[in-house]
Amino acid sequence: MNVRRHHISAAALAAVTALGLGTLTACSSDSAAAGNTDKFDVVASFYPMAFLAEQIGGEHVNVTSLTEPGQEPHDLEISAKQTAQLQESDAALYLKGLQPSVDEAIGQSGIKTKIDAATLTSLEEHGAEVGGHAEEHADEHADEHAHEDGHAEGETAHEDEHGHEHSHETEGGKDPHIWLDPVKYAEVAEGVGKAFEKADPDHAADYKKNTEALVGKLNDLDTTFETGLKDRKTDVFITTHAAFGYLAERYGLTEEAISGLDPESEPSGARVKELAKTAKADGVTTVFYETLVSDKTAKTLAGDAGLKTDVLDPIEGITDTSRGDDYFQVMEANLKALQTALGAK
């Protein structure tokens with residue numbers, strides 16, 4: 001997530017998600033499993049994409065994640081072996097702009113089906129402070145799937161615009177963390193499901209059924225968050241970097257990030273003082289850090305301001321230290337952490 005890192009595009013992220021849950025667990029730990037199987041072979045860029053692929057693909061897909069468990073996805077550099085595996089796969093699911101090396105490898109590959117998750121929902125620009133209300137976004141998704149079919153056929157948009165250093169953003173400075181908003185993640189899931197149906201029509205009915213089930217679970221998660229965060233003492237929470245902008249907007253919260261979209265940049269003294277004042281004025285109790293990035297900055301700010309620290313997981317990968325075994329379990333743990341920090345009843 002730091003400026004020197006290549007942005008993993010929405011497409012790259014999507015690639016990781018391409019296959020079924022059980023398959024993802026097995027394949028993400030054995031990248032050699034990619035390609036040339038008797039199943040629909042999907043390469044996903046990182047965990048949120050791989051999770052989608054496995055949930056939607058079920059028993060019909062073989063999912064391989066380019067990002068290993070515990071590896072910071074933004075630091076990923078594609079190996080020659082992984083590049084070769086891409087050529088042998090049936091589909092790539094990724095989030096363009098998040099992992100430049102993934103974007104480049106997929107763009108240069110002859111893989112038939114390239115699914116860029118960034119094209120399946122709307123992305124927004126987010127800075128160090130993000131706030132909003134769910135109702136503002138309730139009706140914004142009517143036309144967001146216009147390009148799904150084209151990308152399912154392999155037409156990946158904007159493929160020649162990257163490969164340079166960005167902070168943790170996609171094209172145009174857009175925030176890529178769409179999977180942390182269950183509603184946006186559901187929109188991406190719908191697009192991925194349609195792409196799978198088109199690319200592997202023999203199993204289209206199962207992909208459709210699995211997609212509907214996943215979207216239903218994501219809608220339930222959205223309701224759980226909305227209900228769980230209703231009665232709270234404060235709307236403001238502080239994080240090490242701005243990964244939770246979409247979540248904040250969805251549920252009417254305000255995220256104050258120490259380092260903006262780049263979790264490893266050093267915040268200025270002025271920013272630290274500003275956040276300490278904000279914490280006091282808005283009743284903030286907790287500074288959140290994440291599992292794959294150093295907690296040093298968060299603990300320094302918390303110590304200076306007399307605040308607690310806790311984990312708010314951006315779910316870019318599942319490890320032994322994650323508060324759950326999959327996306328839904330970790331999101332539920334995130335909700336509990338937010339409820340405690342915000343004083344929700």
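Along the sequence shown, the residues carry numbers beginning at 1. Side chains included, hydrogens not; waters and symmetry mates left out as well; all remaining heavy atoms used.
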Practice item. Measure from the side-chain N and O atoms of Thr223 to the backbone N and O of Asn219, and report whether any donor-acceptor pair falls under 3.5 Å. Key: yes

Point to revise | Value rounded to 0.5 Å, distance of CG in Asp175 from CG in Leu180 | key: 8.5 Å

Review point. Can a donor-acceptor pair be found between the side chains of His60 and Asp200 at a distance below 3.5 Å?
Key: no

Practice item. Write down the atom of Thr240, the atom of Ala298, and the distance for their closest heavy-atom approach. Key: CG2-CB, 3.5 Å

Study note, to complete from the structure: All heavy atoms of Leu86 vs all of Ala105, minimum pair found to be CD1-CB, 3.7 Å

Practice item. Over 60° means perpendicular and under 30° means parallel, so classify the ring planes of Tyr251 and Phe225, tilted if in between. Key: parallel

Revision key, fill the gap. Between Val287 and the options Thr239, Thr297, Leu307, Asp310, the side-chain contact (heavy atoms from CB on, under 4.5 Å) test singles out Leu307

Practice item. Could you tell me whether the side chain of Asp235 and the main chain of Thr254 form a donor-acceptor pair under 3.5 Å? Key: no

Check your understanding: Any donor and acceptor pair, going by atom type alone, linking the side chain of Gln82 with main-chain N or O of Leu66 inside 3.5 Å?
Key -> yes

Practice item. State, to 0.1 Å, how close Ile178 and Lys184 come at their nearest heavy-atom pair, and which atoms those are. Key: O-CB, 3.6 Å

Check your understanding: Is a donor on one side and an acceptor on the other found under 3.5 Å between the side chain of Lys114 and the backbone of Ser109?
Key -> yes

Check your understanding: If only atom types and distance count, is the side chain of Gln339 paired as donor or acceptor with the main-chain N or O of Gly228 below 3.5 Å?
Key -> yes

Exercise for review: Measure from the side-chain N and O atoms of Glu190 to the backbone N and O of Thr211, and report whether any donor-acceptor pair falls under 3.5 Å.
Suggested key: no

**Study point:** Test item: Gln329 side-chain N/O and Asp325 main-chain N/O as donor-acceptor pair under 3.5 Å
**Key:** yes

Practice item. Compute the ring centroids of His126 and Tyr246, then answer whether they are less than 6.0 Å apart. Key: yes

Review point. To the nearest 0.5 Å, how far apart are OG1 in Thr285 and CZ in Phe237?
Key: 12.5 Å

Exercise for review: Spell out, as yes or no, whether a donor-acceptor pair under 3.5 Å connects the side chain of Lys208 to the backbone of Glu197.
Suggested key: no

Point to revise | Residue pair Asp326 / Tyr47: nearest heavy atoms and the distance that separates them | key: CA-OH, 3.3 Å

Review point. In terms of ring plane angle, is the pair Tyr185 and Tyr327 parallel, tilted or perpendicular, where the classes change at 30° and 60°?
Key: tilted

Practice item. Can you see which heavy atom on Lys39 is nearest to which on Val61, and at what distance? Key: CD-O, 3.6 Å

Check your understanding: Between the main-chain N or O of Gly324 and the side-chain N or O of Ser322, is there a donor-acceptor pair closer than 3.5 Å?
Key -> no

Point to revise | Any donor-acceptor N/O pair, Asp282 side chain to Val284 backbone, under 3.5 Å | key: no

Practice item. Determine whether the aromatic ring centres of Phe244 and Phe288 lie less than 6.0 Å apart. Key: no

Point to revise | Nearest heavy-atom neighbours spanning Arg271 and Ala257 | key: NH2-O, 2.8 Å

Exercise for review: If the plane angle is over 60° it's perpendicular, under 30° parallel, otherwise tilted; pick one for His177 and Trp179.
Suggested key: tilted

